[in-house]
Structures are given as C-alpha cells and as structure tokens.
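Note sheet for the following structure.
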2 protein chains.
Amino acid sequence: MSWRKETRRAERGYHHGNLKEALLQAALGLIAEKGAAGFTFADAARMAGVSAAAPYRHFRDREELLSSIAQRGFEQFESRLTAAWDDGRPDTVTAFERVGRAYLAFAREEPAFYNAMFESGVPVDSNPALQAASERAFNIIRAAAERLAALAPPGTPRPPAMMMALHIWSMAHGVASLFSRGDAARRKLPMSPDELLEAEVLIYLRGLGFPTDRRPPAKSAEPPPVPPEASSGSGVPPGGPWGKPK
Amino acid sequence: MSWRKETRRAERGYHHGNLKEALLQAALGLIAEKGAAGFTFADAARMAGVSAAAPYRHFRDREELLSSIAQRGFEQFESRLTAAWDDGRPDTVTAFERVGRAYLAFAREEPAFYNAMFESGVPVDSNPALQAASERAFNIIRAAAERLAALAPPGTPRPPAMMMALHIWSMAHGVASLFSRGDAARRKLPMSPDELLEAEVLIYLRGLGFPTDRRPPAKSAEPPPVPPEASSGSGVPPGGPWGKPK
DNA sequence: GGCTCATGTAAAGGTCGTTCACATGAGCTG
DNA sequence: CAGCTCATGTGAACGACCTTTACATGAGCC
C-alpha cells in the first residue's frame with residue numbers, strides 16, 4: 001500500500017515531511033508481527049527510511065512511541081465499544097453482550113493496539129492523555145453497566161454498577177489474553193473464545209437475575225433484535241451457547 | 001539468606017558449583033523487580049558472579065531460562081491450587097472460591113513466576129515439560145469444576161465442566177492481570193482485587209443455580225470455616241462482598 | 001536574499017545476546 | 001598418584017539496539 005514517502009532516501013528530500021505518522025504506522029505493523037517486546041525503535045526508523053536518530057525528534061524515547069500507540073488504541077477501542085453498545089439498543093442485555101463480543105473482536109483484529117494497550121508494560125499513568133483515553137474507553141463499559149444495574153430485577157443481590165463493569169472487563173480481558181491472541185491462541189480449546197465469553201457473560205447476567213434465554217421472552221415491546229454482525233461461523237448455536245438445561 | 005556461592009570470583013574457584021540454580025534464583029529476583037521484558041541474561045550472570053558467557057553452559061538462550069522459570073512457576077502454582085482446593089472440603093462451593101483466592105494470591109505473592117508464566121511471551125508449547133506443567137495446574141481447576149458441575153442443581157442450563165473451568169480461569173487471570181500486579185495495580189479501584197474476584201465468582205455461581213449466601217445457611221454439619229490465611233486488611237466485610245439485596 | 005529553527009544525519013558510547021577459541025580443574029582410570 | 005577428559009567458566013569479538021551529541025539541511029518567514 002502507501003509507498004511514496006516511507007521508502008528510501010533518494011525518493012524524498014532531506015526532510016521526510018510526515019515522519020511522526022510514518023513511525024507510528026511502522027511501529028503498528030512491527031508490533032502486530034513481533035509483539036511490543038520484539039519491536040525496535042531502529043526497525044521503525046529503517047522502515048520509514050530515516051536514520052536511527054531521527055525518531056528522537058518526535059518521541060522522547062521508545063516508550064513514548066509505545067505510549068502514543070496505546071493511546072490511539074484506546075481511542076479506537078472506545079469508538080468500537082460505543083458503536084457496539086449503541087446506547088443499549090435493541091435491549092440492554094443484547095447490547096451488553098454485543099459489547100463483550102466487540103471487546104474480543106478488537107483484541108483479535110487489532111492485535112498491535114491491544115498489545116500496546118495491555119501487554120506492553122507501558123504504565124497507564126505514564127502519560128495523562130493515555131490515562132484519559134483509557135478511562136474514556138472504560139467509561140463505555142461503565143455506562144452500559146450503569147444501565148444494566150438500573151434494570152436489574154429486585155430480589156437479587158446487586159453489586160454497584162462500577163463493580164459490574166469491572167467484572168465484565170476482567171472477563172473479556174481474561175478470555176482475550178488467555179485464548180484469543182497471538183501465542184495464547186495456541187492453547188487448544190473445545191470452543192471459540194467468543195462462545196466462551198458469551199456463555200460466561202450470560203451465566204454472570206443470570207446470576208444477577210436477568211432473564212437470559214435467547215428466545216425473546218414474550219416478544220416484548222422492543223423491535224426485533226438486530227442480527228449480531230459476526231454471527232457467521234463461530235456463532236452461538238440456536239438455543240444458547242451450551243444447549244438446554246437438562 | 002544463601003550467600004556463600006553467588007558472590008565474587010575470589011570467594012569461589014574457577015567453577016561455580018551451582019550456577020544453574022543460582023541463575024534461576026537471580027533471574028527470579030530480577031523479573032520480580034523489572035518484569036520479564038526488562039530482565040537481562042547479562043544481569044543474571046553478573047548477579048551470580050560469572051561472566052556473560054557462562055549461562056550458555058546451562059541454558060540454550062535467554063528464552064530457555066525464562067521457560068524454565070515458567071515451568072517451575074506452574075509447578076508451584078499447581079501445588080498451591082491443590083492445597084486451596086483441598087479436595088472440595090468443607091464444601092464444594094467454599095473450596096471453589098478458595099481456589100479463586102489462591103489464584104490471586106499466587107499472582108500477587110509470586111509476581112516473577114506469574115510474569116514468566118503468563119506475560120513473558122514464552123509460548124506454552126516451546127517446551128514439552130512446560131506445557132505439561134501448565135496442563136497439570138489447569139487440571140486442578142478443571143477437576144474442581146467437574147465436581148461443581150456434578151453438584152449443579154437441575155433446572156438451570158449447565159455448561160460443560162471444561163467450560164466452567166475456563167470461565168473461572170479467565171476471571172481470575174483477568175482480575176490478576178488488570179488489577180492485581182505490578183503496573184496494573186496502579187489502576188485505582190473502589191475495592192480490592194480479592195473482593196472483585198470473589199463477587200464475580202459468586203455471581204457466576206449463582207448464575208449456575210448455586211446457593212451462594214455467605215452466612216452459613218443454618219449451621220450445617222460442617223466444621224467452622226477455616227479463617228482464610230490472608231484475611232487481614234482487605235477481607236470481605238461480613239454480609240458478603242457487596243451488601244444485601246435492596 | 002538571508003535567517004532561523006524544526007527536522008534529519010553521522011558518529012560514538014554503553015548495553016545486550018550470542019558465539020568461539022581457549023582455560024581450568026573435578027573426577028575417573030590405571 | 002599421574003594423567004586424561006570433559007563439563008564448566010573466561011575473554012574477546014560481532015552485530016544489534018538505545019540514546020546522546022555535534023553538525024547538516026532546507027522550509028517558511030522577514
């Protein structure tokens with residue numbers, strides 16, 4: 001794809017013109033290939049066609065580049081979670097599960113971002129902008145949990161919405177990190193990570209008193225459920241993720 | 001502690017006598033300090049008082065050292081999980097939750113091992129012994145889930161035991177990895193990781209139809225619960241992890 | 001046209017991982 | 001005990017990386 005700038009010296013002047021962006025893109029590719037640990041500043045420079053010292057004009061050091069990527073990652077993450085949540089349409093539980101799937105999809109489709117965000121060792125508080133982006137993303141989950149909490153049937157113990165949000169986050173991250181990416185995906189599973197997480201969230205929601213039968217409980221006053229975007233292939237078989245109660 | 005061997009050249013002969021073990025110990029300390037990514041082979045050699053080339057007599061390369069540590073970690077992990085499970089005493093649910101706490105405790109108290117095992121990028125299948133150790137550890141969780149599954153009340157959808165085991169693993173790993181160790185612990189939480197995980201597992205179990213009231217249901221025929229080993233400080237407040245149902 | 005300053009370069013210092021030829025000495029063999 | 005052998009440790013060297021420093025270039029502005 002985008003050749004032009006990021007090639008050899010001859011094809012451009014002394015000045016690159018867009019080095020910062022080129023470095024970010026190069027790093028993204030390298031991290032996707034070899035992980036944040038294996039990514040090298042020098043490689044990124046080489047890939048952008050500049051000397052090894054040039055990147056230092058745009059990033060204090062290697063870690064700042066990583067941190068920038070993590071920040072961008074959180075921004076994209078936020079936008080994908082927002083889209084998945086879709087303000088709770090068509091119904092809160094459905095939308096909530098969609099957020100879970102979006103989490104996994106992001107981890108799978110944007111391994112470089114996910115790696116930089118959660119597995120690169122970059123401390124969240126190394127950069128205020130990073131921290132802010134991270135919080136904005138989490139707030140989507142939190143807002144969804146808030147709505148869910150408001151809906152929880154009485155008569156069941158009900159944790160604070162914040163705690164519910166953290167629960168969902170930990171489940172999604174746990175599944176993603178153990179089974180859904182890179183080396184971790186080599187652990188052989190009798191089911192897909194998506195199925196695993198979906199079942200987990202369903203059981204959890206049932207534990208909170210939510211009706212989680214997939215069949216619409218009685219055609220309530222909501223529009224017919226939107227077909228989940230990625231129901232092809234590893235979709236949950238009709239009747240729920242693990243079949244009927246015995 | 002064990003000084004003696006692992007110091008300077010003068011104090012030992014040309015041969016170290018116990019270098020392999022010394023290197024493992026040194027690496028363990030270094031990883032605990034700076035993470036598996038920051039740990040260097042050269043540093044471990046220095047700490048053991050030998051030249052930078054010496055470690056190559058005992059490990060093919062840096063990764064093999066890491067992999068050895070991960071393997072030992074899984075072995076200790078297994079033994080701690082086994083102890084926590086205590087074959088399901090005094091009752092399955094209680095023991096199951098104890099396993100969850102043991103998981104977190106291990107992640108917190110043995111950060112070096114945990115790091116090498118799950119966050120160092122060492123692929124599980126890089127070494128058959130490592131893979132075997134990892135599977136043995138997981139099998140504890142799996143066996144516990146098996147017992148739990150056999151006990152699940154009818155009338156509720158019931159996932160395969162394997163899936164339950166994976167759910168528990170993902171919750172524990174998610175909480176540990178996001179909130180319970182190193183840099184991640186800097187995310188400020190309104191509760192302790194232990195509380196978070198305990199509540200998560202309780203809700204999950206309730207979703208499976210298990211009665212999870214903390215107050216002993218009526219002083220059943222079991223001995224008074226053993227006080228959890230680390231109940232100081234962040235213990236769960238009486239009345240359950242998040243208070244009563246509204 | 002000339003100045004300035006952001007941006008890029010080359011060179012150098014320090015650290016690592018890894019390899020190689022060589023040194024040492026523990027333990028066996030006779 | 002003499003001598004041999006082989007596992008174990010050494011020092012030097014290579015190439016790669018991160019980072020800093022002094023210097024070069026040229027885009028944009030007066």
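Reminder, nothing fancy here: chain letters follow the sequence lines and each chain counts from 1.
Counting only heavy atoms from C-beta outward, the side chains of R62(B) and F39(B) approach each other to under 4.5 Å. At a threshold of 4.5 Å between non-hydrogen side-chain atoms, the residues R136(B) and F74(B) do not count as touching.
For E64(B) and dT18(C), the CD to P distance is 11 Å, given to the nearest whole Å. As rounded to whole Å, 17 Å separates atom C1' of dT7(C) from atom CD of E21(A). In this structure, the CG atom of L23(B) is 12 Å from the C1' atom of dG9(D), given to the nearest Å.
Residues of residues 115-127 of chain A having a heavy atom closer than 4.0 Å to DNA chain D: none are found. DNA chain C is contacted by A54(A), R57(A), H58(A) of residues 54-61 of chain A, taking any non-hydrogen atom closer than 4.0 Å.
Going from atom CG of N127(A) over to atom OG of S134(A) covers 11.0 Å, rounded to the nearest 0.5 Å.
Evaluation of the side chain to side chain contact (heavy atoms under 4.5 Å, CB included) rule for A32(B) yields A112(B) as partners, not counting sequence neighbours. For the side chain to side chain contact (heavy atoms under 4.5 Å, CB included) test, residues two or more places apart in sequence or in another chain that qualify with S51(A) are A53(A), A54(A). Residues that satisfy the salt bridge (charged side-chain N to carboxylate O under 4.0 Å, His left out) test with K34(B), not counting sequence neighbours, are D43(B). The ring-ring contact (aromatic ring centres under 6.0 Å, His included) test applied to F59(B) returns no partner, not counting sequence neighbours. Residues satisfying the side chain to side chain donor-acceptor pair (under 3.5 Å) test with D86(A), not counting sequence neighbours, are R89(A). Partners of E33(B) according to the side chain to side chain contact (heavy atoms under 4.5 Å, CB included) rule, which considers only residues two or more places apart in sequence or in another chain, do not exist here.
Applying the salt bridge (charged side-chain N to carboxylate O under 4.0 Å, His left out) test to every pair with at least one member in residues 114-123 of chain B, sequence neighbours left out, gives these pairs: E119(B)-R181(B).
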Sort me out a list of protein N/O and nucleotides 14-17 of chain D N/O pairs below 3.5 Å, or just none if empty.
residue : atom : partner : partner atom : Å
dC17(D) : OP2  : R46(A)  : NH2          : 2.9

Heteroatom pairs (N/O) under 3.5 angstrom, protein to nucleotides 26-28 of chain C:
none

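Ring to ring, F113(A) and F118(A) are not that close: their centroids are 6.0 angstrom or more apart.
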For a quick test of your reading: what N or O donor-acceptor pairs under 3.5 Å do the side chains of residues 168-177 of chain B make, sequence neighbours left out?
residue : atom : partner : partner atom : Å
W169(B) : NE1  : Y103(B) : OH           : 3.1
S170(B) : OG   : E200(A) : OE1          : 2.9
S170(B) : OG   : E200(A) : OE2          : 3.0
S170(B) : OG   : L166(B) : O            : 3.3
S170(B) : OG   : H167(B) : O            : 2.8
H173(B) : ND1  : Y114(B) : OH           : 2.7
H173(B) : NE2  : S177(A) : OG           : 2.9
S177(B) : OG   : H173(A) : NE2          : 2.9

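Taking 4.0 Å as the cut-off between side-chain N and carboxylate O, E64(A) and K20(A) do not count as a salt-bridged pair.
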